[in-house]
Visitor: 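For reference, the structure I am asking about is given below.
Residue numbers start at 1 and run along the sequence shown. Predicted, not measured: the structure shown is a model, and the values here were computed from it.
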Amino acid sequence: MSGFDRFVEACLHGEALNSTDHVLPQVFGRLLNHNPLVWHGDEQVLLSVFGSLIDTLRLDDDSGPADAGLTFFGQFIDHDVTFDVTSVIGRTIDPRRIRNIRTPNMDMDCVYGDGPEASPHLYTELEGHEGYLLFGRSDYHLDLARNAKGTALIGDPRNDENIFVSQIQGAYICLHNLILRQLHTNGPMASDIRDRSMAGTSNDLWSGNARIPVNDYEIARRFVQLHYQTHVMDDFLPGFVAQNALHDAKEGAGYLSDAPLMPVEFSGACFRFGHATVRNRYQLSPGTEISIFGHRGKRTAEHQMDMGLFFQSGHQPAQKARPVGLGVAEGLFELPFIHDGLHLPNGTEVPVELARKLPLRNILRDRYALEIASGQQAAAALDLPALPAPEVLADAGITRTPMWFYALQEADAGGQGRLTGVGGRIVATTLIRILQADPDSLWHAHGFEPLPELARIGDCFAWVEENRVDLLGHVDLLNG
């Protein structure tokens, strides 16, 4: 159900003002105590040390175990569960004061918004039926729908930041529309869709006793959400987290019982591991290569990605993401959209040529804004073996490693291209606990089995590309 429907249901049941059942927190929190920066020397020297640390990460493209598209699927997940518009690198802030604009559950609000009633600008009717998501422009049917200014009409504007996450967004929009049309036309999949959407729900929800009537839109939405969550559990996590860390997370091993649902150690450090998996260049389609920052915004046919080159489907091999480890693509050291330097809380000026380095921004956000516990402190708290600080830090008398760098260090030392130790534990456990906290999630959908053709993310996107032809260009779905 949408957030709006939950609110209405709570009102009808007399619980809207005081009930705390199943209310997910709208702020970030700390897994561990805050770790303020302590440095008694020249601040420019410290900035130079951090610069030398991240310069050790510059490496050419390499191939890890995960498909290349999973890097951007991770960005899609991040945009589904977190949206911090409060913290900035130049100001220290308590994570408990940072509002999370997204609901911290995998409900795909970045696709659905708050449903047709509360987010009507995302929706349209098709053949007299409501609940379809807008998709396509009149001059290019495979782009996202856009307004007159070219802004994508989607639940989260960040999912138009690059052409890769943009097309993952588009694939899930099309999946919803295809599933909804199966229901509206009573197509050959309709019965399977309804049966699978019922998994883990109460009988009342699917009967006339429901306080909020369940319609075809809600059935399609739940069906898509359950398959998306399956892609997180069966494709994303095994692709980027070592099996031992994933097993421990599923068993709840060694995690703090009072941990916040959305810890800043996840959002501000460990989940940023994805930066290390970005390649400098990608084969977008046969014969077409593009850099990571090659295009943004409105797309044409030349910017259309071949999903089979990013997500394996059947026996067709896909490109691989870079391995998680001590290496970052050269392009992330020169962010083209950064035009100003940084002003740190202690008055230190960071020139624009340094501010363009994404790895350095990760370190500075940790040390000067969020004050996240070090990797060694996290290892001790989670009862994991600790790694020493890298030589660049140790030579400067620094014995604790910023957690983002530490997670890459662990993966490099023993993860074989995947997160392990602190990084693996925090990433996997946070995502699994999000599912556990949501009574409507895959975790509680006992008996749910995904449709075989949609079970793996690569097969799902291939199915979408094959079957969406009849809906593309439909005048009721287009905008822009």
Visitor: Answer yes or no: is there a donor N or O on one side and an acceptor on the other, between the side chain of Asn467 and the main chain of Leu178, under 3.5 Å?
Guide: no
Visitor: Can we say Asp62 and Arg322 salt-bridge, meaning some charged N sits less than 4.0 Å from an Asp/Glu carboxylate O?
Guide: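 Salt bridge absent between Asp62 and Arg322.
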Visitor: Just do the side-chain hydrogen bond (donor to acceptor under 3.5 Å, both in side chains) check on Asn280 and Glu330 with the steps written out, would you?
Guide: CA-CA 7 Å; Asn280 281 304; Glu330 184 70 30; over 6 Å; no
Visitor: Ring centroid separation for Phe223 and His227, is it under 6.0 angstrom?
Guide: yes
Visitor: Leu59 and Val328: side-chain contact (heavy atoms from CB on, under 4.5 Å), yes or no, with the steps?
Guide: CA-CA 6 Å; Leu59 287 177; Val328 174; over 6 Å; no
Visitor: Is the backbone N or O of Gln243 less than 3.5 Å from a side-chain atom of Arg418, with the two atoms forming a donor-acceptor pair by type?
Guide: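 Side chain of Arg418 to backbone of Gln243, a donor-acceptor pair under 3.5 Å: no, none is there.
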Visitor: Crowded around Glu391 CD? As in, over 12 foreign heavy atoms under 6.0 Å?
Guide: no
Visitor: Tell me whether the count of non-hydrogen atoms from other residues, nucleotides or ligands lying under 6.0 Å of NE2 in His444 goes above 12.
Guide: yes
Visitor: Salt bridge or not for Lys357 and Asp55, using N-O below 4.0 Å?
Guide: yes
Visitor: Are Tyr282 and Phe72, when compared by the centres of their aromatic rings, separated by less than 6.0 Å?
Guide: yes
Visitor: Is it true that Arg146 and Asp160 have a side-chain N and a carboxylate O under 4.0 angstrom from each other?
Guide: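 Result for this pair is yes, salt bridge flagged.
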Visitor: Could you check if a side-chain atom of Tyr140 sits within less than 4.5 angstrom of a side-chain atom of Gln304, using non-hydrogen atoms only?
Guide: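 With C-beta onward as the side chain, the pair touches.
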Visitor: Under the 6.0 Å and 45° cation-pi test, does Arg58 pair with Phe333?
Guide: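 Verdict for Phe333: a cation-pi partner in Arg58.
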Visitor: In plain terms, say whether Arg356 and Glu334 are close enough for a salt bridge, that is, a side-chain N and a carboxylate O under 4.0 Å apart.
Guide: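 No, Arg356 and Glu334 are not salt-bridged.
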Visitor: Looking only at the side chains, is there a donor atom on one of Ser313 and Asp459 sitting less than 3.5 Å from an acceptor on the other?
Guide: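 Indeed, the side chains of Ser313 and Asp459 share at least one donor-acceptor pair under 3.5 Å.
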Visitor: Taking the six-membered ring for Trp, are Phe311 and Phe73 ring centroids under 6.0 Å apart?
Guide: no
Visitor: Is there a side-chain contact between Leu342 and Arg361 in this structure, where contact means two heavy atoms from C-beta onward sitting under 4.5 Å apart?
Guide: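 Yes, at least one pair of side-chain atoms sits under 4.5 Å.
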Visitor: Under the side-chain contact (heavy atoms from CB on, under 4.5 Å) criterion, do Asp67 and Asp235 qualify, and how do the steps go?
Guide: CA-CA 9 Å; Asp67 288 351; Asp235 291 292; over 6 Å; no
Visitor: Does a side chain donor of either His79 or Asn159 reach within less than 3.5 Å of an acceptor in the other side chain?
Guide: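 Judged by distance alone, the side chains do pair up.
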Visitor: Examine Arg296 relative to Phe337 and say whether NZ or CZ is less than 6.0 Å from the centre of the six-membered ring and inside a 45° cone about the ring axis.
Guide: yes
Visitor: State the OG-CZ distance between Ser166 and Arg158, to the nearest 0.5 angstrom.
Guide: 14.5 Å
Visitor: With distance as the sole test, does Gln169 use its side chain to make a donor-acceptor pair with the main-chain N or O of Cys110 at under 3.5 Å?
Guide: yes
Visitor: Please say whether more than 12 non-hydrogen atoms of neighbouring residues, nucleotides or ligands are located less than 6.0 Å from CD in Gln316.
Guide: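 Atom CD in Gln316 is crowded, with more than 12 foreign heavy atoms closer than 6.0 Å.
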Visitor: For the rings on Phe405 and Phe50, is their centre-to-centre separation under 6.0 Å?
Guide: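 No: the rings miss the under 6.0 Å criterion.
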Visitor: Do other residues, nucleotides or ligands put more than 12 heavy atoms under 6.0 Å from the CG atom of Asn33?
Guide: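 No, the 6.0 Å shell around CG holds no more than 12 heavy atoms from other groups.
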Visitor: Using 0.5 Å steps for rounding, measure from the NE2 atom of His303 to the CG atom of Leu142.
Guide: 13.5 Å
Visitor: Less than 4.0 Å between a side-chain N and a carboxylate O, is that true for Arg222 and Asp440?
Guide: no
Visitor: Picking from Phe310, Tyr228, Tyr172, what satisfies ring pair (Phe, Tyr, Trp, His ring centres under 6.0 Å) with Phe461?
Guide: Tyr172
Visitor: Met106 and side-chain contact (heavy atoms from CB on, under 4.5 Å): which single residue from Gln229, Met233, His231 fits?
Guide: Gln229
Visitor: If you compare all heavy atoms of Thr401 against all heavy atoms of Ala389, which two are closest, and at what distance to 0.1 Å?
Guide: OG1-CA, 3.4 Å
